[in-house]
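Only one structure is covered here, and it is reproduced in the block below.
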Amino acid sequence: MTVANAVLRTRDLTKRFGRFTAVDRLSIEVNEGDVFGFLGPNGAGKTTTMRMIVGLVRPTSGRIEVNGIDARRNFLEAIAQIGAMVDIPAFYRHLSGRKNLALLAQVAGGVPKGRIDEVIEAVGLQKACFKKVKTYSHGMLQRLAIAQALLTRPPLLILDEPTTGLDPEGKGEFLHLLRGLAREERITIFISSHLLDEVEEICNRAAIIKEGRLLVCGEVRSLLAEELRTYRIVVSDPAKARLLLEGRPWVHGVAGENNRLLITTRQEDARQIAELLVKGGVALEELSPQLKSLRTLFMELTKEQ
Amino acid sequence: MKPPGSRRPIPVLGSLRRTARLTWVELRKLLSHKLFPAALILTLVVTTGLAIAAKAFTRDMGTRGFSNYSLWVTSGTYGLQVGIILLVALGAMAMSTEATGRTLNTVLARPLRRIELAAAKILSLIVATVAIVLVAGLASYVVGGTVQDPSAASEWQPEGAPAGGFPSYGDVLKYHPAYGWAVLLAKGVVIGEILFGFLLLIVPVLAAVSVGFLIGTLVDSTGLAVGLSVGIFMSLEVSKFIPVVQHHLGPFAYNYPISRISTLMLEASGGTLPRWDDALTGVAISAGYIAVSLAISLIVFCRRDITL
């Protein structure tokens with residue numbers, strides 16, 4: 001049964017390139033109004049997933065639904081619901097930004113003339129739109145990419161690593177723009193990124209994939225409130241502390257350097273850290289819970305086993 | 001719920017509409033790109049330049065047997081060679097520039113089918129090919145073909161011609177003014193034959209462009225695609241001067257009809273009715289190249305994963 005407000009849904013989506021499985025039975029749901037973060041290390045299958053959704057890559061198996069429309073059977077109807085920026089923003093460099101938009105509007109069809117000015121204004125390219133694209137900075141190209149994705153007033157915006165290559169100021173402006181689009185134009189945004197802090201800041205839901213497989217998916221808040229937590233300890237003998245902690249079934253990770261270590265464990269097992277170290281003759285100077293960030297969760301989930 | 005009596009649009013019509021729209025976009029892109037206008041201008045300049053030079057040469061040398069229509073055909077077909085090379089490059093670039101520049105990602109993530117985009121690109125290349133052949137044909141006619149040259153050779157002889165015939169149309173008109181209309185008719189026939197030749201030339205030129213388009217579809221690098229396409233075309237042109245290759249393989253090469261048709265057009269310009277059937281076989285082979293190249297291009301482009 002289809003959930004009424006699922007704007008994008010993949011079901012057992014799989015892509016194999018020869019013997020290599022890039023995406024493995026991926027099932028996610030992006031609901032109306034979501035700013036959905038799609039996270040994963042390099043080569044995890046994020047871009048391949050996005051390419052399958054917009055029809056650039058044929059899925060080996062599985063299902064893609066956009067607003068309840070089967071994208072593999074009714075591609076034209078499904079893609080009409082999507083505005084996309086996949087990979088590096090690419091345009092006709094010998095044309096101005098405005099001419100590029102006019103050309104792409106004509107390719108899409110049914111875009112009123114005034115819409116081009118609207119999207120130029122929405123992304124703040126009024127001054128630069130008459131310049132040739134080859135003179136654009138990376139930030140301007142990203143803005144133009146958003147503008148072209150918005151041309152058809154799509155209910156779903158798919159953005160593949162849109163902040164890659166932007167300076168901190170540019171990233172801030174770009175995220176501000178996305179936030180504005182989600183809030184003011186009521187657009188659902190499906191965004192892949194490496195910039196976990198930013199994703200944590202703007203996304204209400206997220207999925208993390210690795211080697212094509214979905215690791216977690218859900219509300220960002222609930223993902224961060226998982227029972228595993230990280231504790232910082234300051235000890236007199238970190239090598240001995242490591243030896244004592246590593247290999248314990250209730251310890252899910254030991255990291256850090258010098259006399260400061262980060263221990264990942266369940267909240268109820270935290271007291272065992274102190275007991276074990278004291279019994280082992282290691283002086284414990286500090287034990288404090290770390291506030292978990294999306295970065296911590298990401299690192300925990302995607303680290304090599 | 002649909003209102004009563006509302007009809008679902010016929011998919012084919014929608015597809016044709018989108019293809020027409022995309023063809024218009026492709027033509028705009030072609031015009032905005034420097035290479036196509038450059039090809040038009042170069043073809044025009046080379047064709048008219050050759051015609052003017054040949055005219056001056058024949059006048060200065062007092063050469064007989066070189067009619068104004070021969071000037072038309074010679075300058076038109078040689079001028080076209082420059083246009084063909086640039087057209088082959090355009091054919092190779094049609095898909096490969098979209099791949100190299102990654103604009104395929106932007107264009108294909110829109111409500112359109114790949115076959116519609118490919119068809120639009122092919123249609124725009126056909127328009128470009130026809131435009132270049134027309135420019136070569138018309139420019140050479142304006143400079144070389146329209147100027148009345150009373151000494152132009154005529155193999156056509158009216159009834160009552162002296163022994164040995166009239167050497168030129170001017171001689172016919174001078175000695176038998178009553179035959180003016182007949183001369184005009186004969187010239188009309190000659191013009192018709194030459195125009196038919198230019199029309200036929202579109203097919204082998206299009207074959208060269210189609211092979212370029214196929215290479216551009218298979219190879220993502222623009223430089224490599226253009227280099228390969230132009231290289232293959234130039235090699236085939238050069239092979240015309242190697243008798244053994246020309247004898248055995250020449251008739252099966254897609255560029256073979258270009259020189260064959262040019263020769264027949266030159267015969268027509270001298271007043272001899274050309275035997276087109278020899279060229280038509282070559283034209284049919286060229287048409288085969290077009291069909292196969294475009295079919296492979298469409299299949300590859302429509303089925304491939306875009307992972308640029």
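In the text below, chain A, chain B and the rest are named by the order of the sequence lines, each starting its count at 1. Below, all heavy atoms of this structure are taken into account, side chains as well, without hydrogens, waters or symmetry copies.
In this structure the side chain of A:Leu26 reaches within 4.5 angstrom of the side chain of A:Ile209, judged on heavy atoms.
Heavy atoms of A:Arg58 lying under 4.5 Å from chain B belong to its backbone as well as its side chain. Contact annotation for B:Leu117: neither backbone nor side-chain heavy atoms come within less than 4.5 Å of a heavy atom of chain A. Only the side chain of A:Leu95 comes within contact range of chain B, with heavy atoms under 4.5 Å apart. Using a 4.5 Å cut-off between heavy atoms, A:Ala84 touches chain B through its side chain atoms alone.
Shown are B:Leu27, B:Val107, B:Leu123, B:Leu112; of these, the side-chain contact (heavy atoms from CB on, under 4.5 Å) with B:Leu22 is made only by B:Leu112.
Annotation: maximal heavy-atom pairing with chain B below 4.5 Å, among A:Asp87, A:Thr48, A:Val86, A:Val54, occurs at A:Asp87. Ranked by heavy-atom pairs under 4.5 Å with chain B, the list A:Leu151, A:Ile79, A:Ile88, A:Leu56 is led by A:Leu56. Here A:Ala108 is the residue among A:Ala108, A:Gly83, A:Ala80 with the most heavy-atom pairs under 4.5 Å with chain B. Put simply, of A:Leu76, A:Thr47, A:Thr152, the one with the most heavy-atom pairs under 4.5 Å next to chain B is A:Leu76. Note on B:Lys34, B:Arg114, B:Glu26, B:Arg18: by heavy-atom pairs under 4.5 Å with chain A, the leading option is B:Arg114.
Ring pair B:Tyr254/B:Phe233 is parallel by interplanar angle, where below 30° counts as parallel and above 60° as perpendicular.
Applying the side chain to side chain donor-acceptor pair (under 3.5 Å) rule to B:Arg28 yields the partners A:Gln106; only residues at least two apart in sequence or on another chain are considered.
Residue pairs meeting the ring-ring contact (aromatic ring centres under 6.0 Å, His included) criterion with at least one member in residues 92-126 of chain A, sequence neighbours excluded: A:His94-B:His33.
In this structure, A:Arg11 pairs ionically with A:Glu29, as a charged nitrogen and a carboxylate oxygen lie closer than 4.0 Å.
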Please assess A:Phe17 against B:Asp305 for the test side chain to side chain contact (heavy atoms under 4.5 Å, CB included), listing each intermediate value before the final yes or no.
CA-CA 10 Å; A:Phe17 294 102; B:Asp305 287 331; 3.8 Å; yes
